[in-house]
Asker: 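Mind looking over this structure? Questions follow.
This is a predicted model, so every value here is computed, not measured.
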Amino acid sequence: MRVKIDHSGCIGAGQCVRVAPEVFAQDEEDGMVILLDETPPPSQRDAVIKAAKLCPARIIDADDEEPLSRED
């Protein structure tokens, strides 16, 4: 999995940090997202996908190499 973020669209909601704190963080000054791990391990896959779905600005792009399950 490769994760990309469009920083220009971030509104600092922090949903990604709550769901996947090992992959995302927030800048202490402006609250904008910081990508900690561009290629997170498979153990973070579900959390990253959930973070992308919860992001109100839709700025998280998770290029998933594994096919999504039918429930996704």
Side-chain angles (χ1 to χ4, degrees):
M1 167 178 279
R2 180 169 297 278
V3 180
K4 296 178 187 173
I5 293 176
D6 176 8
H7 288 93
S8 65
C10 183
I11 60 172
Q15 297 298 318
C16 56
V17 178
R18 290 185 188 96
V19 174
E22 294 173 8
V23 179
F24 305 100
Q26 277 183 290
D27 185 286
E28 290 184 18
E29 291 186 23
D30 63 11
M32 299 299 139
V33 66
I34 299 169
L35 183 58
L36 300 175
D37 190 351
E38 188 176 302
T39 56
S43 62
Q44 292 296 310
R45 178 183 180 273
D46 291 347
V48 170
I49 290 172
K50 186 172 183 178
K53 288 180 179 177
L54 290 175
C55 176
R58 303 284 188 218
I59 64 162
I60 300 172
D61 179 27
D63 181 14
D64 196 6
E65 296 172 0
E66 299 176 31
L68 298 175
S69 72
R70 292 177 187 251
E71 297 172 3
D72 292 335

Asker: Got a list of side-chain donor-acceptor pairs under 3.5 Å for residues 32-43, not counting sequence neighbours?
Answerer:
| residue | atom | partner | partner atom | Å |
| --- | --- | --- | --- | --- |
| Asp37 | OD1 | Thr39 | N | 3.1 |
| Glu38 | OE2 | Arg2 | NH1 | 2.5 |

Asker: For Val19, enumerate each residue passing the side-chain contact (heavy atoms from CB on, under 4.5 Å) test, keeping only those at least two apart in sequence or located in another chain.
Answerer: Ala47, Lys50, Ala51, Leu54
Asker: Might you point out which heavy atoms bring Ala62 and Val48 nearest each other, and give the distance in Å?
Answerer: CB-CG1, 3.9 Å
Asker: Can you give me every donor-acceptor pair (side chain of residues 6-16, partner residue at least two apart or in another chain, under 3.5 Å) with its distance?
Answerer:
| residue | atom | partner | partner atom | Å |
| --- | --- | --- | --- | --- |
| Asp6 | OD1 | Ser8 | N | 3.2 |
| Asp6 | OD1 | Ser8 | OG | 2.6 |

Asker: Quickly, which of Val3, Ile49, Val23 forms a side-chain contact (heavy atoms from CB on, under 4.5 Å) with Ile60? Name it, please.
Answerer: Val3
Asker: Considering only residues two or more places apart or on different chains, which pairs with a residue in residues 14-29 satisfy salt bridge (Lys or Arg N to Asp or Glu O under 4.0 Å)?
Answerer: none
